[in-house]
Visitor: 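Take a look at this one; I'll ask things after.
Order of the sequence lines fixes the chain letters, A, B, ..., with proteins taken first and strands second; residue numbering starts at 1 for each chain.
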Number of protein chains: 2
Amino acid sequence: MAGMGVTALADRVVEGDPRACARLISWLEDRQPEALSILAGLPVGRALRVGVTGPPGAGKSTLVDGLVRAFRACNLKVGVLAVDPSSPYTGGAILGDRIRMQGHAGDPGVFIRSMGSRGQLGGLSEATDAACRVLAAAGHGVVLIETVGVGQSEVAIRGVADLVLLVLHPEAGDGIQALKAGILEVPDLFVVNKADLPGARATRQAILAMLDELADLRGEEPGLPPADRVLLVAAEQQDGPLAPRGALAERLLAARDGRWQPRGRDVRALVRAMVLRRLQDHLEAVPPPADLAMPESAAETWLADVVRHVLQTGESDGS
Amino acid sequence: MAGMGVTALADRVVEGDPRACARLISWLEDRQPEALSILAGLPVGRALRVGVTGPPGAGKSTLVDGLVRAFRACNLKVGVLAVDPSSPYTGGAILGDRIRMQGHAGDPGVFIRSMGSRGQLGGLSEATDAACRVLAAAGHGVVLIETVGVGQSEVAIRGVADLVLLVLHPEAGDGIQALKAGILEVPDLFVVNKADLPGARATRQAILAMLDELADLRGEEPGLPPADRVLLVAAEQQDGPLAPRGALAERLLAARDGRWQPRGRDVRALVRAMVLRRLQDHLEAVPPPADLAMPESAAETWLADVVRHVLQTGESDGS
């Protein structure tokens, strides 16, 4: 594909060529100037973007794997964007999960890619949203975006996903009270995973109780009644009522077909995170003041230098 | 203390009054204009700042509790700054640990305070450094800064602590390889906690092996030989060779007395984090552009507006 023209690349993305998608996403990750203009020219595809989040050990990757099988059985092309974790403590486990997903490697209807996070955008790569647009233009009906839940990522995922799934361990029941209200408000659907293990029903009840409290506080009900938003799933199962291809896949397909309305994407949050990333880049490019004896004063001086740098590099002229 | 003058407050801090310390720290957290000038006028105290970090469940709070007892037995005043976690999944456990620390509530030589983190500065509050300066001026010989290790905080703690302890679970052995090199380079001392449980010695060996690898790569040995940097501790024990008041407290006191040199504070990293926080505040104060259809272009427009806001509010004139 070396030397391939820009128009040819765009055409091949629209034809659904996975190698062309991968190439364009790489260019976007590298912030190649041409990549953005290709992106702006692509047709807007119709893909449901599903954010899959939750704490380490909840079984997110196994669930994603089960959902891929379910959507493939419906003849939908599926994209999977796995955002590498920013937490050093879970690095090993996630890598192993990545390898497990290779079971789909021979299926041209499944596009799988890891996106580096570098700790920015609450664990999401800046290019994640752009990658979703590429995959939608290439005819993927669903894009699953898997992130590790470490606080900020649950909120950040709202910036790129139409619908957010929070995956929890079946024994999370007692810990539900510790989930901050701000986190509980993000997911459209809660998946109590490994639901063949003890504790799953109690965990579901604890989530429902919290949702009831929230509804009393806020007086609003997004999309579905609470009882329909909390699902018992056993991600490892291929068939039966707890399998991902059962009620969970059905509910996602219903969202895709407009039979219920998830909360939708918060583009403003995405753009805010992108601005913050740019500010950080400028900060990294400007050396600190020589005198750091009083950190507060030094911070003011450095801030002034950073602003000067933004103005000088001309990235602030809206070009 | 209402209506108390600024000079009187500074005097009472220097006399070691805990209520005056608490008041000044609150003012600093609220960014009261007078607080910074009081801070700049305080004498520079001699406190060893010990950062205590590590993953949830490693027993950091119990260790801090044991160290407080050890330093009190040496007649040192001790400050404890507990940075509230940004991870929603550990909120409950940390709150419980806070309560356990109340055992020192009747001791005027122990100052304990939770600092809100709001997810900034890698889990550290902007006022954490200022609080350390207040406590040092008030005659505290040691300040223990406890943070939850979720990736960034291990690096951020270097900005405020003279010496960093990484606390690990005794069964962390297999997970050591998953700790990124950047994290392993931060701690001066590694504490394998709950060392009366199986696996502790193997975990210590795994850490030593990683340190050997690092030393081969970088060719430098900070402060102590590797074998002296990895300690087996049982934080719950009051006495005996594994108790915090044993080898661990001795090693910290040796650092305080200059008998070995820990890596020391990275003030530049602290100031960088403070600048980033200011940039974030400006971003929050500026409304997003109306057209968000292409996130990348919208981000450029918003960035230009933020820079204009910094210039207009005059915080960038170095005052």
Visitor: I need the minimum non-hydrogen distance between B:V275 and A:A299, along with the two atoms involved.
Guide: CG2-O, 3.5 Å
Visitor: Return the minimal non-hydrogen interatomic distance between B:P295 and A:D129, and the atom names on each side.
Guide: CG-OD2, 3.7 Å
Visitor: In this structure, are over 12 heavy atoms from other groups packed under 6.0 Å from B:Q32 atom CD?
Guide: yes
Visitor: Assess the residue pair B:M294 and A:R133 against the criterion (side chain to side chain contact (heavy atoms under 4.5 Å, CB included)); give the C-alpha distance rounded to whole Å, side-chain angles, the decisive distance to 0.1 Å, and a yes or no.
Guide: CA-CA 11 Å; B:M294 272 292 282; A:R133 282 182 272 161; 3.3 Å; yes
Visitor: Can you tell me how far the CZ atom of A:R278 sits from the CG atom of B:L279, to the nearest 0.5 Å?
Guide: 14.5 Å
Visitor: Answer yes or no: is there a side-chain heavy-atom contact under 4.5 Å between A:V306 and B:V310?
Guide: no
Visitor: Out of B:L283, B:L39, B:V267, return the one with the most heavy atom pairs under 4.5 angstrom to chain A.
Guide: B:L283
Visitor: So how far is it from A:L28 CG to B:E296 CD, rounded to the nearest 0.5 Å?
Guide: 7.5 Å
Visitor: So for A:P288, is it side chain, backbone, both, or neither that comes closer than 4.5 Å to the heavy atoms of chain B?
Guide: side chain
